[in-house]
Amino acid sequence: MDAFRYSAKTTTTISYKTRWQAPSNIALIKYWGKEKNQIPKNPSLSFTLQKCVTETSIEFQPKPSSGLTFDFFFEGKPNPNFLPKLNHFFDQIRPYVSWLDGYHLTIRSDNSFPHSSGIASSASAMAALALGVMDAEREMDAGITDTLFTTKASFLARLGSGSAARSVEGPITVWGKTPSVKEASNDFACKIDSLHTVFTTYQDTVLIVEKGSKSVSSSQGHALMNGHPFANQRFEQAQQHLHSLLEVMKEGNLDDFIRIVESEALTLHAMMMTSQPYYLLMEPQTLSIIQKVWAFRKETHLPLCFTLDAGANIHLLYPKEHTAPILDFIKNELSPYCQQGYYIEDAVGRGAKKMYI
Ligand code: DP6
C-alpha cells in the first residue's frame with residue numbers, strides 16, 4: 001500500500017505523548033484463513049465493543065542514534081511476554097512509518113478486562129498502539145486528513161493482528177474485499193453505515209468459560225486453513241454469508257440474523273475440528289450453554305443468539321430492549337457454567353477514542 005508510505009517533507013522531530021483507548025471486537029462473519037501480512041482469505045464483519053478496551057499511552061522521544069527502541073509496561077510493570085509481538089508489530093509497520101527510526105518510545109498499556117479472561121486482547125492492543133503512532137504522525141504532518149488517519153491506523157493495526165483492523169471504528173465494520181461492499185479492502189477495515197437502528201445498541205454479554213490461554217493459537221489456526229479440505233467452500237460461504245447478513249442487518253430481520261451468526265460461529269469451530277491436525281476449542285460448558293440458549297429461545301421467542309471466537313468463551317448477542325429477561329436468564333441459568341460465575345456485560349460501541357493525559 002504505497003499510499004500509506006510516509007514521505008517526510010521535513011526533518012521535523014517532536015517530543016510527544018499521546019493516549020488512546022481502543023475496543024475489542026467480535027466477528028459475526030469470521031476471518032479464518034490468511035495470506036502473508038494478514039491479507040484475509042475472506043471478508044469479515046464485526047461488532048465493535050464498548051467496555052472491553054485497551055488503553056495505551058506512548059511517549060515519543062527523539063534520540064541521536066538511528067533505530068527504534070522502546071520500553072513496554074503492562075498494567076504498570078515491565079512485561080517481557082509481550083515483547084515478541086511488539087517487536088513483530090514494529091518490524092511490520094516500519095516501512096510505512098519510517099520516521100519512527102529516530103525515536104525511543106515508552107509504552108504503557110492497560111486492559112479493562114483481566115488479561116487472563118480469554119478475551120482477545122491483541123485486537124484492542126494493536127489498534128491502540130497503531131492509533132498512538134498515527135497521532136504522532138499527524139502531529140508532524142497537518143496534511144493528514146481524518147480519513148487517512150483512520151484508514152492508516154486500521155492498516156497498521158492489521159499488520160499486528162488481522163482482527164485489529166476492525167477495532168478502530170464502530171459500531172459495525174467490514175474488513176476484506178467483497179463485491180457486497182464497494183469500499184471494502186483487504187488492507188484496512190471500513191465502517192458500515194445505514195443499518196437498522198436495532199444494531200446500534202446491540203448487547204454482547206461475554207460468558208467466560210475458560211480463562212487460560214488457548215491450546216492452539218489463532219495464528220496456528222489460520223495456518224491450518226492452508227490445504228484444508230473445505231477451505232475454498234468456506235471462503236465462498238463467508239462471502240455469501242456477508243452478503244446476506246448485510247441485507248438482513250439493513251432490514252432488521254432478527255430470525256435471519258440469528259441463523260447466519262450462529263452458523264458462522266459453528267462453521268469456525270467445524271473448520272478447527274476438520275483441520276489436520278484436528279482440534280477442539282469448545283469445552284463441555286460451551287455446549288451446555290448453546291443448548292440452553294436454544295431452549296430459552298424456543299420457549300420465550302426472545303431473539304437471543306450466540307457467537308464464538310477462537311476459544312471456549314461465548315458471546316451472547318441480543319437487542320437492548322430485551323436486556324432484563326435475558327440478563328436474568330444469564331445470571332440464573334448460564335453463570336454456573338462460567339469460570340467463577342464470571343461474565344462481562346458489554347454492548348456495541350462507537351470505536352476508539354483519544355484520551356486526555
Ligand atoms: C476467530 O486476528 O487473532 O477471532 O491475524 O493471526 O493475529 P492474526 O489472527 P486474529 O484472528 C481472529 C480470528 C477470529 C475471527 C475474527 O475475529 O474474525
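Just so you know, ligand 1 is whichever comes first in the structure, and atom 1 is the first atom listed for that ligand. This is a predicted model, so every value here is computed, not measured.
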Do [X] and [Y] have side-chain atoms, one donor and one acceptor, less than 3.5 Å apart?
X	Y	answer
Asn111	Thr54	yes
Tyr103	Thr69	no
Asp71	His104	yes
Trp175	Thr173	no

message = Tell me the contacting part of Ala27 for ligand 1: side chain, backbone, both, or neither, using a 4.0 Å heavy-atom threshold, strictly below.
response =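 It is the side chain that gets close, since no backbone atom is under 4.0 Å.
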
query = Any idea which part of Leu268 is under 4.0 Å from ligand 1, heavy-atom wise: side chain, backbone, both or neither?
reply =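 Only the side chain of Leu268 comes within reach of ligand 1.
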
Under a 4.0 angstrom heavy-atom cut-off, which atoms of ligand 1 come close to [X]?
X	answer
Gln38	5 (O)
Arg166	16 (C), 17 (O), 18 (O)
Ala310	1 (C)

Quick one: does [X] get an N or O within less than 3.5 Å of an N or O on ligand 1?
X	result
Trp32	no
Asp309	no
His222	yes

key: From the candidates Ala123, Ser161, Ser217, the one that places a heavy atom nearest atom 7 (O) of ligand 1   =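 Residue with the shortest heavy-atom distance to the ligand atom: Ser161.
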
ask   = Heavy atoms only: which of Ser44, Gly162, Ser218 is nearest to atom 3 (O) of ligand 1?
value =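 It is Ser218 that holds the nearest heavy atom.
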
message = For Ala352 versus Ser167, what's the shortest heavy-atom pair and its separation?
response =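 Taking Ala352 first and Ser167 second, the nearest heavy atoms are CB-O, 4.2 Å.
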
task = Could you identify which residues cluster with Tyr278, counting Ile, Leu, Val, Met, Phe, Trp and Tyr as linked when any side-chain heavy atoms lie under 4.5 Å apart, either directly or through a chain of such contacts?
result =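 Other cluster members: none.
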
task = Could you establish whether Arg158 and ligand 1 come within less than 4.0 Å of each other, counting only heavy atoms on the residue side?
result =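 No, Arg158 has no heavy atom closer than 4.0 Å to ligand 1.
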
task = Consider ligand 1: state whether an atom of it lies below 4.0 angstrom from any non-hydrogen atom of Lys34.
result =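 For ligand 1, residue contact (heavy atoms, under 4.0 Å) with Lys34 is present.
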
task = Take Leu266 and Phe306, measure what side chain to side chain contact (heavy atoms under 4.5 Å, CB included) needs, and give me the verdict at the end.
result = CA-CA 10 Å; Leu266 294 178; Phe306 71 86; 4.1 Å; yes

ask   = Taking 4.0 angstrom as the limit, do Glu137 and Lys152 come out as a salt bridge?
value =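 Looking at Glu137 and Lys152, the cut-off is met.
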
